[in-house]
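Inspection log for the structure reproduced underneath, given as structure tokens.
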Amino acid sequence: MAQLWGGRFTKKTDQLVYNFNASISFDQRFYAQDIKGSMAHVRMLAKQGILTDGEQHEILEGLQGILKDVDEGRLRITSEYEDIHSFVEATLIDRIGDAGKKLHTGRSRNDQVALDMKLYTRDEIKELDHLVKEMLEVLLTIMEAHLDTYMPGFTHLQKAQPITLSHHMGAYFEMFKRDHERLVDIKKRMNTCPLGSGALAGTTYPLDREYTAKLLEFDGPTLNSMDGVSDRDYIIELLSAMSTIMMHLSRFSEEVIIWNTNEYKFVEIDDAYSTGSSIMPQKKNPDIAELVRGKTGRVYGALQSFLTTMKGIPLAYNKDMQEDKEWVFDAIDTTKGCLALFTGMLKTMQFNKERMAESARHGFTNATDAADYLVNHGVPFRDAHGIVGKLVLICIDKKIALDDLPLEEYKAICPVFEEDIYEAISLKTCVNKRLTIGAPGYDAMKEVVGRSKDYLASYDDIMNE
Ligand code: ARG
């Protein structure tokens, strides 16, 4: 039991209480951020004349040594300490003696942990964003390669109108683009430094908070010390953004699972990203997509859990806030893992162009275009709708596509039809006539691919702002 406090206590902490209270098992994850924060604090204390230059150098060297030793596995973080802050401070005092006891001057664990969590999540946001970018790159490659790969577009999971694979992937490109923008936005809003807020009411030392903020690459210090130690909004925003990423991945997973069924066979998942069955030798299962879909619940759970934790907490710091870590770490690991795995699966997946086109041809996805043909020949849309409905019924009965129905049968229902109906309802025509921006037509989609390329080209600039 190594604790930073105890002077006013007459009894030892009960072991169960100690265990219940301790956070070292999970907050050791941000030892590097804790040390980095301490180093900035020490530099500032010396600049302000609160520490001597000699003390500064001794402490900085000591902290650097601890960081290196933990990094390289020479120093183990053990449960003997209450939390990561106690571990670093106690180890420093062990190593350099009295100077180490000055590290915590003008600081509380409340502003320290608020800082550590911000530094840690800020690093993780960048990693998450990098993975989102990789996803966007894979999507763009597919979009470019499949501008004329026809497939059915669905509503209600019923074949609706023909689209292209490029267009379908483009929808996910837009979703992950918004995910990127959410991450950028969170980083922008959270980027203020709580260090110097003290326990809740600042300190009496002449700290230079602008200076520590700058050293730690924040836009400036937080402007209210009570909010500084107890703001966890950015964590909730991040959990929400990750939940949205997971929701997108889960929808995408569901589609891959459907496309991979024996009935659809739109895609072939690479062997490296599939799993087998212990009993059925023929099976090749889409476990990765299923796990991603399943793990979405974990991330939603973290969001719900932490929103609930925060809802009744009066100002300023309360120990409830220690609960901002385990679920959040799990949610970050889960979202990063799912993004990486899904992107790998997508990159190696084969698309069965023939099956997709056949499926579009046989699902009456061109029925709207047959009706539009009549409208273009002066038939009111509502009548055209009814006429084509009748033709569809005939085709269902004959088990053929609209493309295969002889012209006489068209004419028997409506004499307006001529030979050019077949051209008008071909998959190619149906798709390529849809040319408003955002539609699947070749030229419209090509324009979007170009804009998406520009978007990715300026991507890093956005994140580094
Ligand atoms: N382990 C604590 C946390 O994660 C550190 C802050 C402790 N502060 C306190 N006043 N007990 O929130």
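As the structure lists them, so they are numbered: ligands from 1, and atoms in each ligand from 1. All of these numbers come straight from a predicted model, not from anything done at the bench.
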Less than 4.0 angstrom from a charged side-chain N to a carboxylate O is my criterion; do K101 and D98 meet it?
yes

Ring centroid separation F329 to Y120 under 6.0 Å
yes

Atoms of ligand 1, numbered as shown, that sit under 4.0 Å from any heavy atom of S23:
1 (N)

Mind checking what makes ring pair (Phe, Tyr, Trp, His ring centres under 6.0 Å) contact with F252, not counting sequence neighbours?
Y172, F342

Candidate list D330, D123, D116, D333, test salt bridge (charged side-chain N to carboxylate O under 4.0 Å, His left out), partner R29, passing option:
D333

Taking only non-hydrogen atoms of M117, do any sit less than 4.0 angstrom from ligand 1?
no

Nearest neighbour in protein (non-hydrogen) for atom 12 (O) of ligand 1
Y317 OH, 2.4 Å

Less than 4.0 angstrom from a charged side-chain N to a carboxylate O is my criterion; do R178 and E181 meet it?
no

What protein heavy atom sits nearest atom 8 (N) of ligand 1, and how far away is it?
N110 OD1, 2.9 Å

At a 4.0 Å threshold, what atoms of ligand 1 neighbour a non-hydrogen atom of K325?
3 (C), 4 (O), 12 (O)

Return yes or no for this condition: an N or O of H85 is under 3.5 Å from an N or O of ligand 1.
no

Which class fits the ring pair F266 and W259: parallel under 30°, tilted 30 to 60°, perpendicular over 60°?
tilted

Ranked by distance from atom 2 (C) of ligand 1, the top protein heavy atom is Q322 OE1, 3.2 Å

